[in-house]
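Structure first, commentary second.
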Amino acid sequence: MADFKKDAQELLEAIGGKENVNAVTHCATRMRFVLDDPSAADKERIEDIESVKGTFTQAGQFQVIVGNRVGDFYNEFSAVSGLEGVSKDEVKGAGKKHMNPLQRIMAALAEIFTPLIPAIIIGGLILGFRNVLEAVPMGFLDGQTIVETSVFWNGVNSFLWLPAEAIFHMLPVGITWSVTRKMGTTQILGIVLGLTLVSGQLLNAYGVEDILAGDVPFWDFGFFQLDMIGYQAQVIPAMMAAFLLVILEKWLRRVIPEAVSMIFVPLFALIPTIFVAHAVIGPIGWQLGTWLSLGVNWGLSGTFNWVFGFVFGGLYAPLVITGLHHMTNAIDLQLVSDFGGTNLWPMIALSNIAQASAVMGVIWLHRGDEKEKAVSVPAAISAYLGVTEPALFGINIKYVYPFVAGMIGSAFAGMLSVAMDVTAFNIGVGGLPGFLSIQSGMIWFLLAMAIAIVVPIVLVIVFEKNSIMTSWENDNLPIPKLGR
C-alpha cells in the first residue's frame, strides 16, 4: 500500500483538501467523491497523478479512475486524509444535491431498470436467435428457413418462446415490481399490478389490427364499458401505473389506522390503480398510437417524405420504450397489401442497427471493463439481430449519450432510405439481417446501413471525448480518458 501514499496525498490536495469532501467511497475501479465545491477540483493535476487513469463527473459524483487496486489506494487515501468512507448508497444520496431535476429522473430510471437487465439481456439473445431460426431464408436450404426444414430446430424455436415471452411480453410485471422495490412500498402489490396489465384475459397488445378495427372485448358495467386491452412489453404505461400505486399506498398508510392497514391499504391502493390503468392510462396510450398510425401514413405519402424519414428514423427508438411501436406493424401490413411492399419497415431495421452500433462505440471506448462487457456485448449482438431492448435498457438509455447517438444515426439512415424509396416485401428480421427482406433499392439500403453503423460509433466517441453529455452517465459506466 505504501506506493500509493504519495499519490493519495496529492489527490487530496488536488480535489480541494479535506474540507471540500462531503463523502467518499470506492467501487471496483474508482474513487467516488461528493465534493462541496466540484469546481475546486484541479482535473489536470489529478490526471497527471501516476496512479490515476482518468476522471469524470456523473450523478453528482466526482470519480477518479484508479484501476483494480483501488481498494489499496482508498486505504492510503483514508489514512492521509483522516476521512472515513461511507456506503455507495449514501454517496449517491449526497451526490443528488448536485443533480438537476432531469438528471434525477434519469438516475431514477436507471435504478428501476438495473435489476431487470440480466433478464432483458438473455431475452434479447433468445429472440435474436429465434429470428435467425424462423425468419432468415437460407441459401443452402433453397431459400427456406431453418424451422421449415428441421423438426428439431422447429421444436427448439417453439420452446424458446416460453422464456422469451415471459421476459418481454411480461416486462410490465418486472417494471411494476422494480418501481415498488425502489420506492420502498409493498413489492407483491407491484407484481400483482403488473400481472393485471398482461393477463391472458386481455386482448394482446400486439393485436393492433383488432384494436384499430374496434374489435376489442370489454367489461360492461351497464352505464359504461371498459376495453380489455393488455399492455404486453410496454414500459411507460407500466411505470405510470406503478408510480400511481406507490403514491396511493404511501398516502393510505398515513391516513388509515395501523390496526386495519393490513386489509385496507392494499385494497384501496391496488384496486383503484388497476382501474385507472385500464380506464385512463391505457386508452390514452392507444389513442396516441392511433394518431401515430395516421401520422405515419400521412408522412410516407407526402411530398417531403424524406423529412418524415429523418424524423421517424430518429424517433423510432423512443417509440420502442413507450410501446407505441406496435402500431407500425399494422401500417406495414397495410402498405404491403396496397402497394406490394413497405418503405416503413426498412427504417425500423436501420434503427435497430443504429442503437446496436451506439453500444459498439461504448464497447470500444470502455474495452477492458469486464463487468460492463458482460452487458454491452450481448446487448449489441441482440440489437444487430433485431431485438433492441437489451441495448436500450442495458446501456443506451441508462447513459443517454449513446441513445442520442443512435437516434441521430438512425435519423440520417432513415432519411436516405425513404428518399431513395427503399422498400421491403414485408415485415422481416430487423437489424443486420434486414437486407434479406429488401425488394427494391438494395444498394441504397446497404449505404443506409453503413450510415447507421458508422455515425453512432463516431458520435459516441465525439460525445465522450469532448465530455458532451457524460454527466448523465450511470454509476456502472467508467469513462477512461482517451489516449491514456
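Here, residue 1 is the first one in the sequence, and each next residue gets the next number.
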Separation between CG (L197) and OG1 (T273), nearest 0.5 Å, reads 10.5 Å
Nearest heavy-atom approach of V375 to I395 is CG1-CD1, 4.1 Å
Donor-acceptor contact below 3.5 Å, side chain T196 vs main chain L193: yes
Candidate pair Y384 and S357, rule side-chain contact (heavy atoms from CB on, under 4.5 Å), full reasoning: CA-CA 8 Å; Y384 275 134; S357 299; 2.9 Å; yes
F159 atom CZ, over 12 foreign heavy atoms within 6.0 Å: no
Classify the ring geometry between F312 and Y316 as parallel (under 30°), tilted (30 to 60°) or perpendicular (over 60°). tilted
Under 3.5 Å, side chain of S410 to main-chain N/O of G313, donor-acceptor pair present? yes
I'd like to know whether CH2 of W219 has more than 12 heavy-atom contacts from other residues, nucleotides or ligands below 6.0 angstrom. yes
Apply the test side-chain contact (heavy atoms from CB on, under 4.5 Å) to residues N305 and D421: give CA-CA distance (whole Å), side-chain angles for both, the deciding distance (0.1 Å), then the verdict. CA-CA 10 Å; N305 58 353; D421 196 27; over 6 Å; no
Shortest non-hydrogen contact between A354 and G409, atoms and distance: CB-C, 4.3 Å
Any donor-acceptor N/O pair, N22 side chain to V34 backbone, under 3.5 Å: no
Over all atoms of both residues, closest heavy-atom pair of A269 and L245: O-CD1, 3.6 Å
Quick check on W251: does its CH2 atom have over 12 non-hydrogen neighbours (other residues, nucleotides or ligands) under 6.0 Å away? no
Interatomic distance, I175 atom CD1 to M239 atom CE [nearest 0.5 angstrom]: 7.0 Å
Closer than 3.5 angstrom, by distance alone: can the side chain of S261 be matched with the main-chain N or O of R253 as a donor-acceptor pair? no
Would you confirm whether E249, through its side chain, and T186, through its main-chain N or O, come within 3.5 Å as a donor-acceptor pair? yes
Angle class for the F33/F62 ring planes (parallel below 30°, perpendicular above 60°, tilted otherwise)? tilted
One should read off an interatomic distance between T388 OG1 and I353 CD1, to the nearest 0.5 angstrom, of 12.0 Å
What's the spacing between L350 CG and I451 CD1 if we round to 0.5 Å? 9.0 Å
Report the relative orientation of the aromatic rings in H278 and Y231; use parallel for angles under 30°, tilted for 30 to 60°, perpendicular for over 60°. tilted
Just by modelled atom types, is the N154 backbone N or O under 3.5 Å from a matching donor or acceptor in the S158 side chain? yes
Within a strict 4.5 Å, meaning less than it, do heavy atoms of the P456 and I408 side chains meet? no
Are the aromatic ring centres of F308 and F304 under 6.0 angstrom apart? no
Could you grab the distance from atom CG of L248 to atom CZ of F268, nearest 0.5 Å is fine? 11.5 Å
Sub-4.5 Å side-chain heavy-atom contact between L127 and W161: yes
Are the side chains of M407 and L315 in contact, using a 4.5 Å heavy-atom criterion? yes
I'd like to know if the side chain of R32 reaches the main chain of Q63, judged simply by a donor and an acceptor atom lying under 3.5 Å from each other, with no hydrogens or angles considered. no
Under 4.5 Å between any side-chain heavy atoms of W153 and V156, yes or no? yes
Would you compute the distance between atom CD1 of I457 and atom CH2 of W364 and round it to the nearest 0.5 angstrom? 10.5 Å
For M240 and V179: C-alpha separation, side-chain torsions, deciding distance, then whether side-chain contact (heavy atoms from CB on, under 4.5 Å) applies. CA-CA 10 Å; M240 292 174 66; V179 169; over 6 Å; no
Is the shortest side-chain heavy-atom distance between F218 and D227 below 4.5 Å? yes
Check for a donor-acceptor pair, side chain of S150 on one end and backbone N or O of V147 on the other, with a separation under 3.5 Å. no
Heavy-atom closest pair, residues R181 and P115: NH1-CG, 3.4 Å
Close side-chain approach of V377 to I381, heavy-atom, < 4.5 Å: yes
Given 3.5 Å as the limit, does a donor-acceptor pair link the side chain of S382 with the main chain of L125, or not? no
Less than 4.5 Å apart, any side-chain heavy atom of M228 and any of L203? no
Kindly indicate, with the supporting measurements, whether the criterion side-chain contact (heavy atoms from CB on, under 4.5 Å) is fulfilled by T180 and L189. CA-CA 8 Å; T180 54; L189 296 183; 5.8 Å; no
Heavy-atom donor-acceptor pair, H169 side chain to N204 backbone, under 3.5 Å: no
Identify the heavy atoms of L116 and G174 that sit nearest to each other, and give their distance. CD2-O, 3.6 Å
Atom CZ of F412: over 12 foreign heavy atoms under 6.0 Å: no
Closest non-hydrogen atoms of V173 and T176, given as atom of the first, atom of the second and distance, are O-OG1, 3.0 Å
Is there side-chain contact between L160 and F129, with at least one heavy-atom pair below 4.5 Å? yes
